[in-house]
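Only heavy atoms go into these numbers, but all of them, side chains included; no hydrogens, no water, no symmetry mates.
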Amino acid sequence: MKYVMDCSFSSALFLPDENSAGSRNFILSLTGRDSIYIPLLWWYETANVLRFSVKRKRLKHSDVTTVIDLLSSLNIVTDFEHGKNHVKEMFDLADKYDLTSYDAAYLELAAREKAKLMSYDNNLNKAAGDFGI
């Protein structure tokens, strides 16, 4: 099965004060036939979450390498498509469902890959449901 995972979902794997059971169970249930798709944006968002988690003392600096190793061990497929091929669709989705362009990138990728969206963002999940994902 194909999945698109956003940063809210993956961050719950390693942030100690987040509800991580759902994310952890999802990761443990994956098989070799499953793929997790992410937009390139996900790497930047994840680096930002790590940076501010250390700054706010939610994680220790020494935990960052462990987290990066964990995330790198997943069967993640980074979508490098961008620009004019997808910006109109992302804009339309953001406008129609009142999303940020960042969230619309996840929705657009899930639609394009015919994948299930994994997110803890209520607005994004509602938009995905309304969109038929």
**Prompt:** Hey, what do you get for NE2 (His61) to CG (Leu50), rounding to the nearest 0.5 Å?
**Reply:** 10.0 Å
**Request:** Report yes if some heavy atom in the side chain of Arg112 is under 4.5 Å from a heavy atom in the side chain of Glu89; otherwise report no.
**Result:** no
**Interatomic distance, Leu109 atom CG to His86 atom NE2 [nearest 0.5 angstrom]** = 8.5 Å
**Asp121 and Leu99: CA distance, side-chain angles, deciding distance, side-chain contact (heavy atoms from CB on, under 4.5 Å) verdict** = CA-CA 11 Å; Asp121 183 300; Leu99 298 171; 5.5 Å; no
**Asked** Is it the case that one hydrophobic cluster holds both Leu71 and Leu28, taking links as side-chain heavy atoms less than 4.5 Å apart, direct or via other members?
**Response** no
**Request:** Give the cluster check for Leu59 versus Phe52: same hydrophobic cluster or not, with ILVMFWY residues linked at side-chain heavy-atom distances below 4.5 Å.
**Result:** no
**Message:** Do Asp6 and Leu124 make a side-chain contact, defined as non-hydrogen atoms from C-beta onward lying under 4.5 Å apart?
**Reply:** yes
**Thr66-Asp63 side chain donor-acceptor pair, cut-off 3.5 Å** = no
**Request:** Could you walk me through whether Tyr120 and Ser11 pass the side-chain hydrogen bond (donor to acceptor under 3.5 Å, both in side chains) test, one step at a time?
**Result:** CA-CA 10 Å; Tyr120 288 129; Ser11 295; over 6 Å; no
**Request:** Check step by step if side-chain contact (heavy atoms from CB on, under 4.5 Å) holds for Ile27 and Leu74.
**Result:** CA-CA 8 Å; Ile27 295 300; Leu74 302 176; 3.7 Å; yes
**Request:** Determine the sole option in Asp69, Ile68, Leu70 for which the side chain to side chain contact (heavy atoms under 4.5 Å, CB included) test with Ser72 is passed.
**Result:** Ile68
Between side-chain atoms of residues 36-45 and protein atoms elsewhere (two or more places apart, or another chain), which donor-acceptor pairs fall under 3.5 Å?
residue : atom : partner : partner atom : Å
Trp42   : NE1  : Ser10   : OG           : 2.9
Trp43   : NE1  : Thr78   : OG1          : 2.9
Glu45   : OE1  : Tyr106  : OH           : 2.3

**Request:** Would you mind reporting whether Thr46 and Cys7 have side-chain heavy atoms less than 4.5 Å apart?
**Result:** yes
**Item:** Tyr97 and Asp103, any side-chain heavy atoms less than 4.5 Å apart
**Value:** no
**Request:** For Ala12 and Ser23, work out which heavy atoms get closest and say how close.
**Result:** CB-OG, 3.5 Å
**Message:** Would Phe9 and Leu117 count as a side-chain contact (heavy atoms from CB on, under 4.5 Å) here? Give the steps.
**Reply:** CA-CA 10 Å; Phe9 193 83; Leu117 181 65; over 6 Å; no
**Message:** More than 12 heavy atoms of other residues, nucleotides or ligands under 6.0 Å from OH of Tyr102: yes or no?
**Reply:** no
**Request:** Calculate, to the nearest 0.5 Å, the distance between atoms CD and CD1 belonging to Glu108 and Ile133 respectively.
**Result:** 9.0 Å
**Asked** Hey, does the side chain of Asn75 reach the backbone of Asp34 with a donor-acceptor pair shorter than 3.5 angstrom?
**Response** yes
**Item:** Contact summary for Arg58 and Leu15, nearest pair of heavy atoms
**Value:** NH2-CD1, 3.7 Å
**Request:** Drop me the distance from Lys96's NZ to Leu107's CG, to the nearest 0.5 angstrom.
**Result:** 10.0 Å
**Prompt:** Can you tell me how far CG of Asp130 sits from CG of Asn125, rounded to the nearest 0.5 angstrom?
**Reply:** 11.0 Å
**Asked** Counting only N and O atoms by type, is there a donor-acceptor contact under 3.5 Å from the side chain of Asp95 to the main-chain atoms of Phe91?
**Response** no
**Request:** Tell me whether Phe80 is reachable from Met90 by hopping between hydrophobic residues (I, L, V, M, F, W, Y) whose side-chain heavy atoms are closer than 4.5 Å.
**Result:** no
